[in-house]
Amino acid sequence: MAGERDVRCGEKQVPAGSTAVGGSGTLLALARTISDDEHICYVQDVVVNPAHHRRGIGRALIEHLMLRYSHCRFFLLSTDHESSPEGRRNHAFYRSLGFLSYEEKQMAGFGLPRHRPNLRDTTP
């Protein structure tokens, strides 16, 4: 198991994202973004191997991306609702990094329902 000092954060083998790799080259975490590198950076995924939770790895990845895309007008992400156990943890984590909800930023976010009919299966 790698300690914090063994972790390298940077853009390595993941287009528009960051990885954390342990001293042995093992992938510990991954953060992926979608960005036009001007107006918006959307953090698509932040995944940390559960064996390496609570070691600052996810924080280091997000901080790296925040710096990398600091010139973008919007730096956004979506996560589980705070009423779920994952959502409570995620909200606390992102708030500790300075993130605000869309409402707090006087913004709105929209998405299609999670479960919706497959429109490719219907004939016109």
Side-chain angles (χ1 to χ4, degrees):
M1 237 167 16
E4 284 184 38
R5 59 179 148 41
D6 299 323
V7 173
R8 293 178 292 141
C9 290
E11 296 170 20
K12 179 183 176 193
Q13 299 178 351
V14 180
S18 291
T19 59
V21 181
S24 65
T26 304
L27 181 66
L28 305 178
L30 166 71
R32 294 188 306 156
T33 60
I34 299 172
S35 179
D36 61 8
D37 209 21
E38 175 112 6
H39 295 286
I40 189 166
C41 176
Y42 180 79
V43 179
Q44 184 176 347
D45 294 302
V46 178
V47 182
V48 178
N49 181 323
H52 299 282
H53 281 188
R54 313 251 347 129
R55 295 184 182 186
I57 297 169
R59 173 176 296 279
L61 290 176
I62 294 295
E63 287 174 343
H64 171 77
L65 293 173
M66 289 167 63
L67 180 62
R68 162 68 178 85
Y69 293 102
S70 62
H71 60 281
C72 289
R73 181 175 179 212
F74 296 109
F75 189 92
L76 306 170
L77 59 84
S78 297
T79 189
D80 296 307
H81 191 270
E82 61 188 334
S83 64
S84 72
E86 296 84 11
R88 276 192 293 281
R89 282 193 308 271
N90 293 347
H91 284 236
F93 172 70
Y94 291 119
R95 284 185 180 282
S96 76
L97 287 161
F99 284 83
L100 301 172
S101 70
Y102 286 179
E103 293 82 15
E104 291 169 311
K105 292 177 55 134
Q106 298 181 340
M107 295 174 62
F110 295 93
L112 293 173
R114 185 176 286 188
H115 302 287
R116 58 186 186 278
N118 184 346
L119 298 178
R120 288 185 259 174
D121 290 342
T122 59
T123 55

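Annotation: side-chain hydrogen bond (donor to acceptor under 3.5 Å, both in side chains) contacts of Arg95 (sequence neighbours excluded): Glu104. Partners of Tyr42 according to the ring-ring contact (aromatic ring centres under 6.0 Å, His included) rule, which considers only residues two or more places apart in sequence or in another chain, do not exist here.
Here the straight-line distance linking atom CD of Gln44 with atom CD1 of Ile34 works out to 4.0 Å at 0.5 Å rounding. Summarising the geometry, atom CZ belonging to Arg73 is positioned 15.0 Å from atom SG belonging to Cys41; distances are rounded to the nearest 0.5 Å. Considering NE2 of His39 and NE2 of His71, their distance stands at 10.0 Å, rounded to 0.5 Å. Atom CG in Leu65 sits 11.5 Å away from atom OG in Ser70 (nearest 0.5 Å). In this structure, the separation between CD on Glu86 and OG1 on Thr79 is 9.0 Å, given to the nearest 0.5 Å.
Heavy atoms only, all atoms of each residue included: Arg88 and Ser83 are closest at NH1-O, 3.1 Å. Across every non-hydrogen atom of Leu97 and Met66, the tightest pair is O-CE, 3.6 Å. The minimum heavy-atom distance linking Asp80 with His91 is given by the pair O-NE2, 2.9 Å. Heavy-atom minimum distance, Val48 versus His53: O-NE2, 3.0 Å. Residues Asp37 and Cys72 approach most closely at C-SG, 3.9 Å, considering heavy atoms.
Counting side-chain heavy-atom gaps under 4.5 Å among Ile, Leu, Val, Met, Phe, Trp and Tyr, Leu67 is found in no cluster with other residues.
At distances below 3.5 Å, not a single donor-acceptor pair connects side-chain atoms of His81 with backbone N or O atoms of Gly87.
Placement of Leu27 and Val46 in two distinct hydrophobic clusters is found when ILVMFWY residues are connected by side-chain heavy-atom separations under 4.5 Å, directly or transitively. When the side chains of ILVMFWY residues are joined at heavy-atom separations under 4.5 Å, either directly or via intervening members, Leu77 and Tyr102 end up in two distinct hydrophobic clusters. The hydrophobic cluster containing Ile40 also contains Met107, counting ILVMFWY residues as joined when their side-chain heavy atoms lie under 4.5 angstrom apart, directly or transitively.
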Test log, rule side chain to side chain contact (heavy atoms under 4.5 Å, CB included), inputs Thr33 and Arg68
CA-CA 11 Å; Thr33 60; Arg68 162 68 178 85; over 6 Å; no
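Under the 30°/60° scheme for interplanar angles, the aromatic rings of Tyr94 and Phe99 are found to stand perpendicular.
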